[in-house]
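Counting from 1, the numbers follow the sequence of the chain as shown.
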Amino acid sequence: RLQEITSRLSRAAGAGDVAQVVVDQGVAALRAQTGVVVLLERGSSELRLAAQDGYDEREALDWRDLPLSDTAPLAEAVREGRVVAVVGRRELRERYPARAHVLERPGHRSWIAAPIRVGGEVRGGALFAFGVSRRLPDEDMRLLELLLAQAGPALDRAALYERQRHIASTLQRSLLPAHLPEIPGI
């Protein structure tokens with residue numbers, strides 16, 4: 001599984017591609033029902049939905065622009081830079097009453113959220129939800145940590161690629177003439 005994760009992350013060209021690999025591989029490896037990855041833009045106080053799996057279009061809207069200050073497991077994981085585990089709906093309602101309706105809706109019973117770091121800086125987070133009330137086994141927790149540890153550098157590479165592509169595109173456009181020459185007879 002780890003080789004597949006590494007291979008897919010190395011081929012991801014953009015931040016959205018990296019996020020989708022994290023969601024797809026995380027859902028499969030952890031046997032989760034759903035997964036969400038959000039990214040934090042520099043200087044922003046909102047988490048932007050980058051990828052998701054297992055939510056319909058209406059449910060995905062709840063993740064589109066999540067305030068970093070929100071009382072939700074995913075926002076807390078990004079804000080505090082630590083793993084947040086919620087086991088059972090009772091714990092969810094006690095700790096996150098404002099977001100419980102969003103998290104419970106698809107029939108989930110436990111959740112795990114974790115930050116994605118680039119260097120020492122938290123740049124996003126991932127949330128996975130499960131249909132059974134359980135703590136994530138140590139082996140699965142280690143896999144999640146490895147997945148997110150590889151996602152950070154992949155996000156860095158994706159940002160570098162996007163900057164280089166933007167520079168190349170800008171340079172190419174600047175070399176084009178402002179107006180095409182008129183050629184008689186054509």
- Task: Begin from the C-alpha positions of Ile116 and Arg123 and carry the test side chain to side chain contact (heavy atoms under 4.5 Å, CB included) through to its verdict.
- Result: CA-CA 6 Å; Ile116 299 173; Arg123 294 270 302 278; 5.6 Å; no
>> Any non-hydrogen side-chain atom of Gln25 less than 4.5 Å from a side-chain atom of Leu143?
In response: no
**Message:** Hydrophobic clustering (ILVMFWY, side-chain heavy atoms < 4.5 Å, transitive) - are Trp111 and Val87 grouped together?
**Reply:** no
Exactly one of Val36, Leu127, Thr34, Val27 clears side-chain contact (heavy atoms from CB on, under 4.5 Å) with Gln52, and that residue is Val36
Nearest heavy-atom approach of Val18 to Ala151 is CG1-O, 3.9 Å
Heavy-atom nearest pair, Phe128 first then Val22, reads CZ-O, 3.8 Å
Contacts satisfying salt bridge (charged side-chain N to carboxylate O under 4.0 Å, His left out) that involve residues 85-94 (not counting sequence neighbours) are Arg90-Glu94, Glu91-Arg95, Arg93-Glu104
### Shared hydrophobic cluster, Val83 / Leu147 (ILVMFWY, side-chain heavy atoms < 4.5 Å)
yes
Correct closest heavy-atom pair for Ala149 and Pro153 would be O-CD, 2.9 Å
Val84 and Tyr96: side chain to side chain contact (heavy atoms under 4.5 Å, CB included), yes or no, with the steps?
CA-CA 12 Å; Val84 175; Tyr96 308 101; 3.3 Å; yes
Residues Val86 and Pro73: closest non-hydrogen pair is CG2-CG, 4.1 Å
Those residues at least two apart in sequence (or on a different chain) that pass side chain to side chain donor-acceptor pair (under 3.5 Å) with Asp140 are Arg31
Answer yes or no: is there a donor N or O on one side and an acceptor on the other, between the side chain of Arg79 and the main chain of Leu68, under 3.5 Å?
yes
Check whether more than 12 heavy atoms from other residues, nucleotides or ligands sit under 6.0 Å from atom CZ of Arg135, and answer yes or no. no
Heavy-atom nearest pair, Thr71 first then Ala98, reads OG1-CB, 4.1 Å
So OG of Ser110 and CG of Leu103: to nearest 0.5 Å the spacing works out to 11.5 Å
Heavy atoms, side chains only, cut-off 4.5 Å: are Arg109 and Arg134 in contact?
-> no
Value for CG (Leu66) from OG (Ser45), rounded to nearest 0.5 Å, stands at 10.5 Å
Residues Leu148 and Pro115: closest non-hydrogen pair is CD1-O, 3.6 Å
Taken in chain and number order and not counting sequence neighbours, the residues that satisfy salt bridge (charged side-chain N to carboxylate O under 4.0 Å, His left out) with Arg117 are none
Problem - Verdict with supporting geometry, Val122 and Leu40, side chain to side chain contact (heavy atoms under 4.5 Å, CB included) - result: CA-CA 8 Å; Val122 176; Leu40 178 63; 5.7 Å; no
For this session: Before accepting this row, confirm whether a basic side-chain N of the pair Arg142/Glu139 lies closer than 4.0 Å to the acidic partner's carboxylate O.
Result: no
Practice problem: Answer yes or no: is there a side-chain heavy-atom contact under 4.5 Å between Met141 and Ile112? | Solution: yes
